[in-house]
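Convention: sequence-line order gives letters A, B, ...; per-chain numbering from 1.
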There are 2 protein chains.
Amino acid sequence: MPSPATRADDRYHHGDLRKALLNAARTLLEERGPAALSLRELARRVGVSAPSVYHHFSSLDAIAVALAEQGFTELTEGLEAAPIHAEGQLAPTGHAYIAFARANPGLYRLMFGEGFRDASKGSQAVHALRERAYEKVVAGLRTRLPADELPVAALFLWSLAHGLALLMIDRQVDAGADAEAVIRSVLRLAGVGLPPSA
Amino acid sequence: MPSPATRADDRYHHGDLRKALLNAARTLLEERGPAALSLRELARRVGVSAPSVYHHFSSLDAIAVALAEQGFTELTEGLEAAPIHAEGQLAPTGHAYIAFARANPGLYRLMFGEGFRDASKGSQAVHALRERAYEKVVAGLRTRLPADELPVAALFLWSLAHGLALLMIDRQVDAGADAEAVIRSVLRLAGVGLPPSA
DNA sequence: CTATCATCCTAACGATGTAAAGATACGGAG
DNA sequence: CTCCGTATCTTTACATCGTTAGGATGATAG
């Protein structure tokens, strides 16, 4: 009944099971969050038996690490595409950072510690990825800040963007429709600082 | 051989199973992180059968919610104890916030979204707790900032403290021994702002 | 055409959260 | 002091999960 091997999806030897699994994981991640990442559910969605997954990933945590890897490359790409020379000093980088987190909430949460079974090992594998992404942020600021202020300023920006991104992802700040405006005003405050006294 | 009912721990009717479970959960949380919160492991540590837990909590997520509740009351207590009228405007609040997170890393992560089985329901129960804690932060700033700047300034401070706390908890910033100095300089930057240009 | 190999499958193990249903001890009413 | 109801804890059981072991299938090289 079925044509011999025209469609690549339902062949016995799957077209590219690894990629299919990652794609399914990506959508599952955004549908139900990192805690719902399930090896069996992934196999089910791809139409494959659960143990087959182990021919492409050594564990569920390995899938999570691969996803985080994807996420960090996409994040750094987004940061590099941000207009470095715009008028605001760190606003573009901050906007790009938060935009990525808001576009991929589940993935972003996974990238920062959530959803790993073996936290000590899984997170450790992601540790280096985070540091590399951080280097990109620092590099973006290097041309615009004196060298001695750079470390603290970079940590400051990272903390602010990370915190705001997480709060918005968790819907803790009800920015409603004008989320962009909220982000803008917070980032502006970062550039100017709070009024010196009340 | 055992004295009839002197010690409260090994009676048939447990002394206070609910509290014992929460205490065990607290230490398990800091030992192995929120992902390792296990109902059966808790029952094991308290010396009780697993289904007994259901006489005190309706689910594992309910335990997590109770823990988060503890955490938020302790956090707000810490924030209220912070010297509001010190010379720095928001530094004391920021320090108290980050100090709590660093003292209870597992609990803090649990309070902000990690470790819930049913993310949609568990996190929703914690949502109100987070907002109440946020009100405390806002209240602490109300006396020292003009009313129109207050919402943005509070969100700014919360984002910064939240982000820095998480980065330090995840050991992403290797502050080493002088963590306090790092926190101080970042918070100082929050009060002053970045230099207007490079 | 055959043999090798990557790929996938079924079967099974231990551990988890949770649901019944039964046993035990505590505490108040007679 | 006795009895009984109720809260508390237990054993048993089920579905699901991540993972392992061993067998079958399809593609591919000689």
Side-chain angles (χ1 to χ4, degrees), chain A residues 2-22 24-25 28-29 32-67 110 115-122, chain B residues 2-22 24-25 28-29 32-67 110 115-122:
Chain A
S3 53
T6 45
R7 292 190 46 228
D9 297 21
D10 45 15
R11 279 205 309 261
Y12 183 83
H13 281 55
H14 200 286
D16 189 346
L17 182 54
R18 182 187 162 93
K19 185 175 299 180
L21 285 170
L22 287 179
L28 179 57
L29 205 52
R32 300 199 223 154
L37 251 201
S38 155
L39 188 147
R40 286 184 119 109
E41 173 70 16
L42 289 180
R44 229 173 280 133
R45 293 196 175 200
V46 173
V48 118
S49 202
S52 308
V53 176
Y54 287 85
H55 280 267
H56 301 271
F57 297 96
S58 64
S59 71
L60 178 59
D61 277 356
I63 299 183
V65 171
L67 286 174
L110 179 72
F116 285 101
R117 173 169 311 272
D118 184 353
S120 62
K121 199 168 140 225
Chain B
S3 52
T6 46
R7 292 189 46 227
D9 297 19
D10 45 13
R11 278 205 311 259
Y12 182 83
H13 281 56
H14 200 287
D16 191 344
L17 183 52
R18 182 186 163 94
K19 184 175 299 181
L21 284 170
L22 287 179
L28 179 57
L29 205 52
R32 300 199 222 154
L37 253 200
S38 155
L39 188 146
R40 286 183 119 108
E41 173 70 16
L42 289 180
R44 228 172 280 132
R45 294 195 174 201
V46 173
V48 119
S49 204
S52 308
V53 177
Y54 287 86
H55 279 268
H56 300 271
F57 298 96
S58 63
S59 71
L60 178 60
D61 276 357
I63 299 182
V65 171
L67 287 174
L110 178 72
F116 285 101
R117 174 169 311 271
D118 184 353
S120 62
K121 200 168 140 224

| note | To the nearest angstrom, the CG-P distance between A:Asp16 and C:dT7 comes to 10 Å
| message | I want to check one thing: is the phosphate of C:dC9, taken as OP1 and OP2, less than 4.0 Å away from some side-chain N or O of A:Ser52? | response | yes
| message | What is the distance, to the nearest angstrom, from the CZ atom on A:Arg45 to the C1' atom on D:dC17? | response | 16 Å
| said: Pick the closest DNA chain D nucleotide for A:Leu60 and for B:Val48 by heavy atoms, then say which residue is nearer the 5' end. | reply: B:Val48
| query | Roughly how far, to the nearest 0.5 Å, is the CD1 atom of A:Ile63 from the CG atom of A:Leu110? | reply | 11.0 Å
| Listed nucleotide nearest any side-chain atom of A:His55, set C:dC8, D:dT10, D:dG18 | C:dC8
| remark: In whole angstroms, the gap separating C1' of D:dT16 from CG of A:Leu42 amounts to 15 Å
| field | From B:Leu37 atom CG to B:Asp61 atom CG, the distance as rounded to the nearest 0.5 Å | value | 10.0 Å
| query | Whole Å only: how far is the OH atom of A:Tyr54 from the P atom of C:dT10? | reply | 16 Å
| said: Can you measure B:Arg117 atom CZ to C:dT16 atom C1' for me and round it to whole angstrom units? | reply: 7 Å
| message | Can you say whether a donor on the side chain of A:Arg40 sits under 3.5 Å from an acceptor on the base of D:dG18, or the other way round? | response | yes
| query | Does A:Ser38 make a side-chain N or O approach to OP1 or OP2 of D:dG18 shorter than 4.0 Å? | reply | yes
| For atom CG of A:Asp118 and atom C1' of D:dC17, their distance in whole Å | 16 Å
| field | Option passing side-chain contact (heavy atoms from CB on, under 4.5 Å) with B:Leu21 (candidates B:Val53, B:Leu67, B:Leu39) | value | B:Val53
| query | Which value, rounded to the nearest 0.5 Å, describes the distance between B:Leu60 atom CG and B:Arg117 atom CZ? | reply | 5.5 Å
| Nearest-Å distance, CD (B:Glu41) to P (C:dG17)? | 10 Å
| request: Report yes if at least one side-chain N or O of A:His56 is closer than 4.0 Å to OP1 or OP2 of C:dA6; otherwise report no. | output: no
| said: Rounded to the nearest 0.5 Å, what separates atom CG in B:Leu42 from atom CG in B:Leu29? | reply: 9.5 Å
| query | Does A:Arg44 have a side-chain nitrogen or oxygen under 4.0 Å from the phosphate oxygens OP1 or OP2 of D:dC17? | reply | yes
